[in-house]
Structures are given as C-alpha cells and as structure tokens.
Amino acid sequence: MTRLIRQGYNGQVTNWMGVRSVLTTIGNISAHVGEKVKLGVWLYNRRSSGKIQFLQLRDGTGMIQGVMVKSQVSPETWEQAADLTQESSLYIEGTVREDERSPSGFEMDVTGIEVIQTAEEYPIALKEHGVEFLMDHRHLWIRSPRQRSILRIRAEIIRAMQDWLNGEGFTLVDPPVLTPSSCEGTTNLFHTKYFDEDAYLTQSGQLYMEAAAMALGRVYSFGPTFRAEKSKTRRHLIEFWMIEPEMAFVDHEENLRIQERMVAHVVQHILQHCRDELKVLKRDTSALEKVKAPFPRITYDEAVHLLNREGMEFSWGEDFGAPHETKIAESFDKPVFITHYPTGTKAFYMKPDPERSEVVLCDDLIAPEGYGEVVGGSQRIDDPRLLEERFQQHQLSQEAYEWYMDLRKYGSVPHSGFGLGLERTVAWICGLDHVRETIPFPRMLNRLYP
RNA sequence: UCCUCCGUAGCUCAAUGGUAGAGCGGCCGGCUGUUAACCGGUAGGUUGUAGGUUCGAGUCCUACCGGAGGAGCCA
C-alpha cells in the first residue's frame, strides 16, 4: 500500500469511449487485476506477429505490456496501434490480468487506444549508444528504465537523509548561492558580477552553516555547489549537490557517530524501498546489506602504514589520491573513516587535536568498492586567537571573514559538521561507474548542454 | 594545465595505402505469445576540419576542433 500512495494518482473515474474506466498508473496496476483501466503512457517498444501486437508501455511509474489481438479490436484501432512509433504518447484502455509470462507479473488486454501524438523518429534506439551521443540527448535518455531508476533512487536518498536529520532535531537552513568570496580559499571559483561588485557561486555553505548552528543548534543545508576545477574524471561534476549538517556542542567523536548512523540509515532505507530500481540497475545488494553502524575507523597514521604494507609508496604529510583511497577501502567491507589528517593537508578552520597539534580532528568517509570519499567532516576551531593565526597563515582577508570571526567572539562553543556529496553517494548505492548518470542534467567540463 | 586513446550512414561498428560495408533504427511486405522478437525487400555517405606525403589517403604526417579515460585538485 505504501507503493500505491507513493506512485502517482489513482482512482479517477473517467467516461471514455462509452465505458467507465479508472484512470490509474502502472505503479498501481496490481490493485486493479480483473478491472478495466485507462493509462496515460508512452510507447517504449512494439512487437508484432501479424495478428497480435505487443505494446511495451511506460508511464514514469513503471512498465507494462499491452496485448492487442486483431480479432478482438476494430480495424481502425488495430491500424492505429500498428502505426505507433517509439515514444509516441497515447491513452490506452484495457483489462488488467496477471500473467506468468510477464517479467512484472501483469499484462493488459488492450481494448482501445487514443493517440495523443505520433512521435517523430526517436534518436535513442533500443541498443547500445556512445557516451557523447547519450549526453547530447540527456533530455530523452532520462526516459530509459535505467536512468529512471537512478533518478528515483537519488530522490529517495535525499528524502531518507532529510527524514533522518529532521527526526534527530536538525533544522533545515538555506545558505546563499551567491557569495562575496571563497569559503575555503582553495579551489577555483565561478566568478560572476553582482551589480558593480565581484561575486562567486558557492563552493560550500559550511561557514554560513556555522553561523546557523549558533542560532538554531543543529542545522543542515541541502543545495547545489560549484567548483570551476578542470577535473575530468568519473568522480567529478562542476555543479553538484551537498548535504551539510553543522552541530553546536558536538565534538569530533559524536560527529563520527552521527555520520555513520545517517549513512547507514540511508543505505538501509534504499534497500527496503527501492528493490525494483536496484534490480533494474543489476546492483549486487549483498555489499550494501553490510552497511550498518558502527563503521571501522583508522587514523591517517594507520592509513599510511597500511599503504606502505601493501607496497604503495606514500610518505607522511601527503594527501591521498584516488588509488590510495581505493586501496584503503579494499581492506574493509564497510565504509571506513580516516581521521586525524596532518594540519597542512586540510582546511584552515579545522580544530587541531589537543594532544597532537600536528593533526586535526577531521574525518573522511571512504565508500567501499572504489567509490572514494563521500563524506568529509571536522570539529571546527572555536578559539578566536587560533582562528586569527590561521587567517594569517593562509593569507585570508580578515575583513572578508570578519563575520565568521564574530562567531568566536560572541559565545563560542565546540562545534562540528560534515558535508556529504550526493552524486558520489548515489553512484555508490546504485553501483554506477560514473557520476554523470546520478544527476538529471550534469554540468561537466565541456558540457553545458542540454 | 599535463599524459594516453578515439572521431566512417540517424546510432553501434567494419574496411593490407587500391571500387566505403554490416547490424540496428526508418520505409514497404510477411508472421497469433513476442521479450533489444524474427524473416524478405528498400532508401541512406563531402570518412571531424584545414593542409601535406603519394600515381592513388578512411588508412601515413602536421596543426586545429570535438570526445573518452586518467593525473593534479576535490565531494
């Protein structure tokens, strides 16, 4: 029944072709066995054997096969169906029937159709295509069963994260997209004009979320971020979405517990609620079943030893590259936290470990199966004097960050937060080999269309 | 920014330096249980662009344009 409520409208009675029928969706079809129903659909594929036609129909909620027998419909209806091209839009009426021969378990005996539009020759054939061609036709590609499944899982991941955070007492706060300067000072920003001033598209809402945490306690943001990096890999997008929680009175240790509980919740939620979609994607779910809190933790020091033991050259003080992350992840069957990175490899706002000032109280969460870093978090500096020192070391403008410094002047408290990259999380849970399929219209190096 | 690879029909790909082809899709016809259905017929090309080598270039060379994968950077 949850599925019934979730997927589309149902029960609208229409008077059509002289017969009362129920306008419903394919997602709800199991509730209408033996009944006459009407569906608004697109033709995915058609097969014919002279006196019988099989219409593969989709409506966004699922796929069903309509069976039309020549002797049981009017010659006009038969001809109309025979002339349908791929992706033509139509209303279709028929009786729902259970059938063992159908992959979904249901079929429709078609009694009538009403063509809305006969589609022009559809560019995407039911066969393999190259990446460039598919990306040029992304607006049509998302109609395919595989892309539909990914986008549904993406939406469900977002919902699971927001539900979990809301249930834990977090408040949604929206940081600005247009900002006066860099949030972290490292990556290349998207420059734009703000009337007579310079402005940049946000690369992280974190600093604003720290302000929000001082106002509302536990907060999170969810929105797009922008990096003008010339990165061309399967893990990078120019525009991507992040969830960024920030919590007052939370230290490094509790920060990790919140991260692992949230990630585990999301994975288990998808396993429960997106079985059909994961099946379409042929995702091996056994690896996902294991994703339950707590997650293993290793320090940066231990990770360096692990890499050296595995025969990789790596010295203390460097940052991990993709091959290093993969090697570390291979040693665990769950996501693994790497904590306590050298201060020099991380952002200016991270709090040093009180017992070892050369490392900071931070964590990267590395997903299994080579999907790399999906979460990065840290406890933030709360001492105004240390923060001022960091500004000088990183040559950041005191003036631009005056408001951020104020947070340490007026009731500074220990606080922590993290950012989860949505697209990498979707790629991992769906088992995809590239993040370009995880977002409806990816913005990449050399791609701003469609 | 750097490294490696690839650009041939609408799509996916073939073609020793010697007459540019197949499958799918389109169109026409056949088939009463098809699962990217199948069978027969048919149309479809300035081989990414510009130069060069050669009797002759899709094929070899140079530059440019476009794409893919990776590095760095990052989530």
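Every chain is numbered from 1, with letters handed out A, B, ... down the list of sequences. Only heavy atoms go into these numbers, but all of them, side chains included; no hydrogens, no water, no symmetry mates.
- No hydrogens or angles were tested; on distance alone, a donor-acceptor pair under 3.5 Å links the side chain of A:Lys232 to the base of B:A68.
- Listed by first residue number, the stems of RNA chain B with at least three Watson-Crick or G-U pairs below 3.5 Å are B:1-7 with B:65-71, B:10-13 with B:21-24, B:26-30 with B:38-42, B:48-52 with B:60-64.
- Across the P atoms, B:U46 and B:C28 are found 25 Å apart, a figure rounded to whole Å.
- Among the heavy atoms of the strands lying under 4.0 Å from A:Glu373 are primed sugar atoms or P, OP1, OP2 only; no base atom is included.
- At a cut-off of 3.5 angstrom, the base of B:U34 holds no donor-acceptor pair with the side chain of A:Gln53.
- A:Phe314 is linked by a ring pair (Phe, Tyr, Trp, His ring centres under 6.0 Å) to A:Phe320, A:His324, counting only residues two or more places apart in sequence or in another chain.
- One finds a side-chain N or O of A:His434 lying less than 4.0 angstrom from the OP1 or OP2 phosphate oxygen of B:G69.
- Evaluation of atom-type donor-acceptor distances gives no pair under 3.5 Å for the side chain of A:Ser231 against the base of B:C74.
- Taking atom P on both B:C11 and B:U54, the two are 36 Å apart, rounded to the nearest angstrom.
- A heavy-atom distance below 4.0 Å to RNA chain B is reached by none of the residues of residues 327-342 of chain A.
- Here, B:G21 and B:U47 have their P atoms 14 Å apart, quoted to the whole Å.
- Here A:Pro323 lies in heavy-atom contact (under 4.0 Å) with sugar-phosphate atoms only.
- For the pair A:Lys334 and A:Phe295, the NZ or CZ position fails the cation-pi test of under 6.0 Å to the six-membered ring centre and within 45 degrees of the ring normal.
- Atom C1' of nucleotide B:C31 and atom CD1 of A:Ile52 are separated by 12 Å, given to the nearest angstrom.
- Across the P atoms, B:A63 and B:A9 are found 25 Å apart, a figure rounded to whole Å.
- In this view, A:Glu254 and A:Arg218 satisfy the salt bridge (Lys or Arg N to Asp or Glu O under 4.0 Å) rule, not counting sequence neighbours.
- Salt-bridge check for A:Glu423 with A:Arg436: failed, with every basic side-chain N at 4.0 Å or more from each acidic carboxylate O.
- Spacing between B:G44 and B:G51 at atom C1', rounded to whole Å, works out to 31 Å.
- At the heavy-atom level, A:Gly372 lies nowhere under 4.0 Å from the strands shown.
- Per the geometry, CD1 belonging to A:Ile366 stands 13 Å off P belonging to B:C74, to the nearest Å.
- Within the nucleic acid shown, A:Gln86 has no heavy atom closer than 4.0 Å to any nucleic acid atom.
- Residue contacts shown for A:Arg436 are limited to sugar-phosphate atoms, with no base heavy atom under 4.0 Å away.
- Rounded to whole Å, the separation between the P atoms of B:U59 and B:G52 comes to 14 Å.
- Candidate nucleotides B:A75, B:U12, B:A71 were compared by shortest atom distance to the side chain of A:His129, and B:U12 ranks first.
- One can place CG of A:Asp319 at 6 Å from P of B:C74, the figure rounded to the nearest angstrom.
- Of all the residues in residues 417-425 of chain A, A:Arg424 reach under 4.0 Å from RNA chain B with at least one non-hydrogen atom.
- Looking at A:Glu107, its side chain comes within 3.5 Å of the base of B:G33 through a donor and an acceptor atom.
- Taking atom CE of A:Met68 as the reference point, atom P of B:U32 lies 16 Å away to the nearest angstrom.
- For the P atom pair drawn from B:G7 and B:C61, the interatomic distance equals 13 Å after rounding to whole Å.
- Taking atom CZ on A:Arg47 and atom P on B:C24, their separation rounds to 15 Å, with Å as the unit.
- For A:Lys70 and B:U34, the NZ to C1' distance is 17 Å, given to the nearest whole Å.
- Applying a 4.0 Å cut-off to non-hydrogen atoms, the residues of residues 438-450 of chain A that approach RNA chain B are A:Asn446, listed by residue number.
- The side chain of A:Arg235 places no N or O atom within less than 4.0 Å of a non-bridging phosphate oxygen (OP1 or OP2) of B:G72.
- For B:G67 and B:C24, the P atoms lie 31 Å apart once the distance is rounded to whole Å.
- Taking the six-membered ring where tryptophan is involved, the planes of A:Tyr401 and A:Phe348 are perpendicular, since the angle between them exceeds 60° and thus also 30°.
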